[in-house]
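Just so you know, ligand 1 is whichever comes first in the structure, and atom 1 is the first atom listed for that ligand.
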Amino acid sequence: MRAVVLVGGFGTRLRPLTTDLPKQMLPILDRPMIEHVVEHLAAHGVDEVVLSLGFLPDAFLDAYPDGRCADIPLTYAVEPEPLDTAGAIRFAADEAGIDETFLVLNGDVLTDLAVDELVAFHRASGAEGTVSLTPVDDPSRYGVVPTDADGRVTGFVEKPPAGEAPCNWINAGTYVLEPSVLDRIEPGRRVSVEREVFPAMADAGTLFGFRSEAYWVDTGTPETYLGVQLDLLDGVRGPARSGVDDAADIQPGATVRRSVIGPGVVVAGGARICDAVVMAGSRIGEGAVVESSLVGCNASIGPDAQVIGLSVVGHGAVVADGERLDGDRRPTGSRRPG
Ligand code: GDD
Ligand code: MG
């Protein structure tokens, strides 16, 4: 089976880390997020992935120049302009010549979903499309998807106001679609699968939902991007992993606790890093504190500076000696639209 993986969004909520790097090329522990996604698909029998690209496509083309990732072939569909989720699916399917049952994934989701069970459910129900569903505490950030006893979707409400969601089962971002769904998407314009296509299919009674309680995280916010990595360190998903790269230089007197430290990072003596991600090549000065925060590649945190409270420091950014960032972003501005 082939899978279209959507990776063309602006990653707005993770700026400035995503100003110049697509969200799915950010590392999760030691590898870009997209590799975790493709590996999971390959393990479930997917034999080709079509990457649906829009924003910053070169980052992917440069990283996988021979068109292989996790040992399966990757093809690329680069939109001339962002077409939104359904427009992107139609464009990628047309480019790849898809005319059979196929998978679609939001490329920023990390999950242990049993994709084979999802496909089997789809085939057994005779659905035109099947959406994987996961339960969450706050459905208002997601597409909310009520179903009847057979799993038929009875409505699809994207990001309802807080307190108005009809249930707490949400669109988990993995779909099995019949090619007829493509005919529902007008080519060449922005179309949202969540706001247009799925609600119409729910009305027509051809959309089904597959409930799964497998591990699931949408990594699109600083909190979830950090959390998914702390889960790997904590052993929440499989055996606990080490987050400190062999090629990091943790100097005597530095403290590193429950954190991901990339290759080439230098942590000076007296610095303290806790519940944080520090990406490749960054320098953490003497006595500095980095806590519950994200630091991009080649950043510099000056001596005695504090980066705490879910702060986000961009690639190459500088935090001055003794400066304090608490829930702040550095730099704050953005050079990109979206
Ligand atoms: N190619 C392309 N073109 N990809 C896009 C575009 C586009 O114009 N817009 C967004 N994407 C990609 C993003 O890169 C991401 O992988 C995926 O589509 C979903 O976009 P997000 O921006 O992450 O959406 P969301 O997290 O707010 O909501 C979506 O995901 C939730 C679950 O994680 C929706 O599908 C919700 O219904 C769902 O609950
Ligand atoms: Mg998302």
Side-chain angles (χ1 to χ4, degrees), residues 3-15 17-18 21-26 32-34 36-38 49-57 59-60 75-96 103-111 113 129 131-146 153 155-160 165 167-175 177 185 188-199 201-202 207 209 211-212 215-225 227-228 336-338:
V4 172
V5 180
L6 302 176
V7 294
F10 289 116
T12 320
R13 289 160 291 192
L14 278 171
R15 284 180 189 159
L17 293 174
T18 46
L21 193 67
K23 170 165 60 176
Q24 296 84 358
M25 285 305 296
L26 287 174
M33 185 185 306
I34 187 65
H36 295 261
V37 173
V38 175
V49 163
V50 183
L51 280 191
S52 163
L53 306 169
F55 179 56
L56 303 175
F60 296 94
T75 58
Y76 301 103
V78 184
E79 292 152 40
E81 70 220 333
L83 293 172
D84 208 341
T85 44
I89 294 168
R90 169 82 202 244
F91 181 84
D94 285 351
E95 290 277 296
L103 284 161
V104 174
L105 282 92
N106 285 346
D108 62 343
V109 165
L110 293 184
T111 179
L113 171 72
V131 177
S132 63
L133 307 178
T134 190
V136 294
D137 292 335
D138 175 14
S140 64
R141 288 170 40 203
Y142 304 102
V144 183
V145 191
V153 171
F156 195 110
V157 201
E158 184 66 11
K159 305 196 173 89
C167 64
N168 73 338
W169 287 91
I170 58 109
N171 168 20
T174 302
Y175 320 133
L177 303 180
I185 307 167
R189 74 163 175 97
R190 289 180 65 89
V191 185
S192 161
V193 80
E194 298 89 350
R195 295 181 193 276
E196 298 176 60
V197 180
F198 286 160
M201 290 171 68
L207 187 65
R211 293 183 169 191
S212 165
Y215 182 88
W216 183 89
V217 175
D218 175 328
T219 64
T221 67
E223 190 178 10
T224 57
Y225 174 68
V228 79
R336 300 261 178 197

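- Side-chain contact annotation: Tyr175 with Asn171, donor-acceptor N/O pair under 3.5 Å present.
- Between Leu14 and Thr219, the shortest heavy-atom distance links the atoms CD1-O, 3.6 Å.
- The residues Arg189 and Glu196 are annotated as salt-bridged, a charged nitrogen and a carboxylate oxygen being separated by less than 4.0 angstrom.
- Between Trp169 and Phe156, a ring centre-to-centre spacing not shorter than 6.0 Å is recorded.
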Before giving the answer on side-chain contact (heavy atoms from CB on, under 4.5 Å), spell out for Phe198 and Val153 the whole-Å C-alpha distance, their side-chain angles and the decisive distance to 0.1 Å. CA-CA 9 Å; Phe198 286 160; Val153 171; over 6 Å; no
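- The 4.0 Å heavy-atom shell around ligand 1 contains residues Leu6, Val7, Gly8, Gly9, Arg13, Lys23, Gln24, Ser52, Glu79, Pro82, Leu83, Asp84, Thr85, Ala88, Asn106, Gly107, Asp108, Val109, Tyr142, Gly143, Glu158, Lys159, Asn171, Tyr175, Glu194, Trp216, Asp218, ordered by chain and number.
- Around the Mg ion (ligand 2), the two atoms OD2 of Asp108 and OD2 of Asp218 are separated by an angle of 110°, to 10 degrees.
- Scanning both residues, Glu79 and Ser52, for their nearest heavy atoms gives OE2-OG, 3.3 Å.
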